[in-house]
Amino acid sequence: LVLGWCGFWVVGHYLFWALWNIQSALQLTLAPKPIDRYRKRLCRSQVYCVLAVVGGVHLLSRCGWNPHDLLYEFSSEHQLLFSMAAAHWIVSIWEDARNWTFLRGGLSTKDSSGLVDPNELLFRAYLVHHLIAGLGFWSVLRLKACTGICAFGLVFELPVLLMNHREFAVYANRPPAWFRDAKRVEQFWHNLQVMFAIGRGGPSLVYFYSVAYWWEDLSKLSSKESWTYHGMAIFFTILNYLLSCTFLAAWERKDLEVAMSSSEPDANFEDVFKELSEPTVEDEHKARQDALGGEVGAHALGEVSEEFFASKASIPDNEEGEVWIEVDDVAYDVTSFLSEHPGGAAVLRRYAGKDASQAFHKVKHSTQARMLMQKYCLGPISKAPSTYRIFEHNEALLMTFNLALKVAIMMQILCWLVTRAPLADLVPDVEANSGSAASLLIPGLGLAAGAGFTMLAPMLAMGLFRLSMLTSGTFSVSIAFSCFCVGLELARRPLPEALLSSAPTGVELGAGLILAVEEMLQICGPGGASHWRWRVLLGAFFAMLSWSVRGIGDLLDTAPGHGLAAVLLAASLPWLCRRACESRRKEVILGEVIAGLAFAGPMSAAVVFSLGSSSAGGTQQLVSEWWSHFSILAFVLFEAAAGTLIWFITMMQNNAHICTPAWSSRSLAVMLGIGCGLTGGFSWSRSIAWLAFYLHIGMLGSRELELMDAHEAKGTFEKVPLFKQGTRAMLDVFYMVWGTILFKAYRAARSLLVPFK
């Protein structure tokens with residue numbers, strides 16, 4: 001069906017625009033101009049949008065306000081419309097690849113400050129969008145679930161009807177009458193924003209409502225259905241927000257500028273409109289030159305390191321060489337200007353590799369001289385910051401964000417693999433449902449054994465493992481690693497049916513206990529009294545209140561493994577992170593850590609055999625039972641989980657070495673807390689846990705803020721570690737994004753009320 005629709009849309013690409021212009025249909029079909037090829041794309045897209053909006057409204061009109069209709073309603077009409085949409089996005093990729101030079105919709109390079117070509121940026125953005133959209137419709141067709149998401153996806157095309165209408169106007173041979181009137185253009189964009197809010201904002205609001213009030217039904221979705229439902233909703237909500245803030249706003253400004261030029265006596269509207277669809281090569285080149293600082297010499301602009309700039313200092317008068325000076329934190333190469341300088345070359349050589357700002361401003365240079373100096377500009381000098389300024393710590397922000405993002409991604413992959421690896425098959429049948437020590441410990445210990453042997457086997461093959469490596473530090477790493485494996489496996493076990501919708505899982509409890517352990521270690525450490533904050537107790541109180549209301553007592557009675565998981569995670573992870581940062585030789589510590597992870601294999605395997613053989617009736621019967629469950633797929637999943645676990649632990653220890661052990665373990669706890677919060681929904685009892693989480697994160701932020709303020713007051717801000725600067729910058733960006741979203745939501749709601757005033 002999808003292939004059939006692909007054929008229909010390809011034929012429509014060639015015929016729809018030709019039929020609309022029946023007088024020149026033959027020429028448009030056989031020998032179209034490049035602009036006509038793009039008009040074909042717009043015309044076919046307009047046909048799809050009409051069908052999609054009508055079909056989406058029809059599908060949604062059959063749904064009641066209940067989760068079952070939006071999740072599982074599937075009919076031949078759904079199949080027909082969703083396959084139509086999947087084929088549309090496949091054909092759209094082909095069309096955009098052929099017509100990417102027209103995607104800018106009237107924007108030019110100078111509208112992006114000359115830093116990026118709008119065509120290239122939009123082509124990459126459209127490619128990602130089309131792939132995700134097509135994959136989403138394909139997934140729903142395969143799953144026959146989450147159909148409401150794709151029904152709303154059809155309604156998403158409502159504002160595109162006007163967006164295509166605008167592009168027809170932009171690429172028209174003659175400007176339409178409404179494009180000359182600024183009031184009509186303003187009314188057009190108001191209508192488009194209203195349709196955008198209805199067609200795009202409405203589905204997002206329904207998604208947020210479903211997360212808040214239909215979580216019990218959403219929790220019953222399979223993993224594939226859950227990924228499709230939440231992934232599509234979150235991706236397109238973020239994409240719509242970015243689209244409204246960037247390209248829609250830029251197109252609106254551009255249209256109003258063009259429309260207002262028609263009322264200016266000195267402006268030629270026809271020429272302005274022609275530039276809208278066909279910016280000249282000279283304009284594009286000038287925009288790029290303006291972005292590089294006006295008149296540019298033979299060198300391109302770029303950051304200059306402070307150390308490299310200082311190397312240009314102390315050049316004797318009689319020595320040939322480059323002369324760089326600093327004016328207002330910007331480096332200039334004035335070597336070729338030495339002979340032309342009115343004050344003589346000696347003046348410039350005196351400030352070679354030094355700050356000449358004061359001397360420069362002391363002399364009243366003319367505007368022409370200030371323009372001339374841009375010819376010798378090299379770029380800003382990257383100096384160590386002396387104070388904290390938001391948005392000026394990009395290097396620290398990117399480093400910290402990348403570390404945290406890797407933790408989140410690797411933990412998600414690891415949790416997914418742990419739930420699918422056949423670890424439960426290691427438990428003897430007689431112990432599988434008994435709740436005994438064997439049923440609790442064997443799966444996690446089996447994972448630790450597999451991970452350990454994954455490291456031990458190549459070490460033995462290369463002769464890198466020696467008995468002398470078995471020290472007390474090695475044993476401690478092996479024990480902590482095995483405890484972490486057991487805790488992670490227990491935390492990922494499903495909750496009992498009666499507690500499924502409310503009780504905290506071992507993952508959530510573990511995240512809370514990790515934060516608590518790190519807080520106690522910091523308060524009990526050097527200068528502990530200065531780290532105390534009243535919000536520590538308040539956050540702990542709200543966390544315990546939320547867990548108590550949600551049935552932590554029943555959880556510990558019916559599924560004690562989740563409580564044990566939290567304790568093991570909180571005890572093992574901080575210890576593993578601290579082992580990587582002890583004040584000993586780096587080679588000794590690294591050897592102990594590697595040997596400890598490898599030795600966890602035989603140590604955990606011995607415990608597994610001890611627990612399993614006693615209950616299964618002997619080692620031979622235990623091995624026979626395991627062999628009956630063996631398959632190639634099970635082995636591959638088991639090894640994938642074991643290898644990912646080793647990778648994850650070494651990454652956490654590397655983060656502890658780069659930053660601090662506390663930062664490394666807290667970063668994991670924060671990611672786990674956010675994940676549990678998002679997947680758990682927003683009921684009032686869970687909102688108390690969100691409040692506890694916010695109080696604790698805010699307390700950590702205020703503590704770092706006081707540290708930076710103290711360093712700023714002493715003039716030693718450069719001593720603040722890079723990861724601390726990045727963490728604070730990341731927190732500030734988080735606050736800014738949420739503040740912007742709330743402000744945009746307020747403005748959107750307010751604009752909808754304007755027509756009813």
Side-chain angles (χ1 to χ4, degrees), residues 414 417-461 465-467 469-493 560-561 564-565 567-569 571-572 575-576 593-646 649:
L414 180 58
L417 288 171
V418 167
T419 56
R420 281 152 184 80
L423 301 174
D425 293 342
L426 298 174
V427 182
D429 293 339
V430 296
E431 297 282 352
N433 300 310
S434 65
S436 63
S439 63
L440 290 175
L441 302 180
I442 285 180
L445 289 173
L447 179 62
F453 280 116
T454 300
M455 286 197 69
L456 184 60
M459 291 177 68
L460 290 174
F465 189 85
R466 300 180 301 276
L467 292 178
M469 301 172 68
L470 300 179
T471 63
S472 59
T474 303
F475 283 110
S476 66
V477 171
S478 299
I479 294 172
F481 178 66
S482 300
C483 290
F484 181 82
C485 294
V486 174
L488 181 63
E489 193 280 329
L490 289 173
R492 291 298 297 155
R493 292 188 183 183
L564 178 60
V567 174
L568 292 175
L569 290 174
S572 58
W575 174 258
L576 287 170
V593 169
I594 294 176
L597 295 177
F599 186 68
M603 186 186 73
S604 299
V607 178
V608 169
F609 272 101
S610 176
L611 291 173
S613 59
S614 61
S615 58
T619 303
Q620 184 176 358
Q621 183 176 346
L622 178 66
V623 173
S624 175
E625 190 173 318
W626 287 347
W627 183 253
S628 65
H629 296 293
F630 177 82
S631 67
I632 297 298
L633 178 60
F635 178 76
V636 170
L637 289 173
F638 181 81
E639 279 301 310
T644 305
L645 183 59
I646 290 290
I649 289 297

(request) Considering non-hydrogen atoms only, spot the tightest contact between Glu489 and Pro443 and give its length. (result) CD-CB, 3.5 Å

(message) Just so I know, are the side chains of Ile646 and Phe481 near enough to count as touching, which here means a heavy-atom distance under 4.5 Å?
(response) yes

(message) How close do Met459 and Ala598 get, counting heavy atoms only, and between which atoms?
(response) SD-CB, 3.8 Å

(request) Any chance you could measure Leu597, atom CG, to Leu576, atom CG, to the nearest 0.5 Å? (result) 7.5 Å

(message) Using side-chain heavy atoms (C-beta onward) and a distance below 4.5 Å, is Val477 in contact with Thr474?
(response) no

(message) Which heavy atom of Gly446 sits nearest to which heavy atom of Val608, and what is that distance?
(response) N-CG2, 3.8 Å

(request) Output all residues satisfying side-chain contact (heavy atoms from CB on, under 4.5 Å) with Pro602, sequence neighbours left out; order by chain, then residue number. (result) Phe453, Leu456, Phe599

(request) Kindly write out the residues that satisfy side-chain contact (heavy atoms from CB on, under 4.5 Å) with Val486, not counting sequence neighbours, or none if the list is empty. (result) Leu441, Leu445, Leu490, Leu568

(message) Measuring from atom CD1 of Ile442 to atom OG of Ser604, what distance do you get when rounded to the nearest 0.5 angstrom?
(response) 12.0 Å

(request) Provide the closest heavy-atom pair for Leu414 versus Ala641 in the form atom of the first, atom of the second, distance. (result) CD1-O, 3.9 Å

(message) Return the CD to OG1 distance between Glu639 and Thr644, rounded to the nearest 0.5 Å.
(response) 10.5 Å

(request) Return the minimal non-hydrogen interatomic distance between Ile479 and Met603, and the atom names on each side. (result) N-CE, 3.8 Å

(message) If we ignore hydrogens and angles and just use 3.5 Å, is the side chain of Ser610 paired with the main-chain N or O of Ala606 as donor and acceptor?
(response) no

(message) Rounded to the nearest 0.5 Å, what separates atom CG in Leu488 from atom SG in Cys483?
(response) 13.0 Å

(message) So does Gly596 get a backbone contact from the side chain of Ser478, meaning a donor-acceptor N/O pair under 3.5 Å?
(response) yes

(message) Which heavy atom of Ala600 sits nearest to which heavy atom of Ser482, and what is that distance?
(response) CB-OG, 4.0 Å

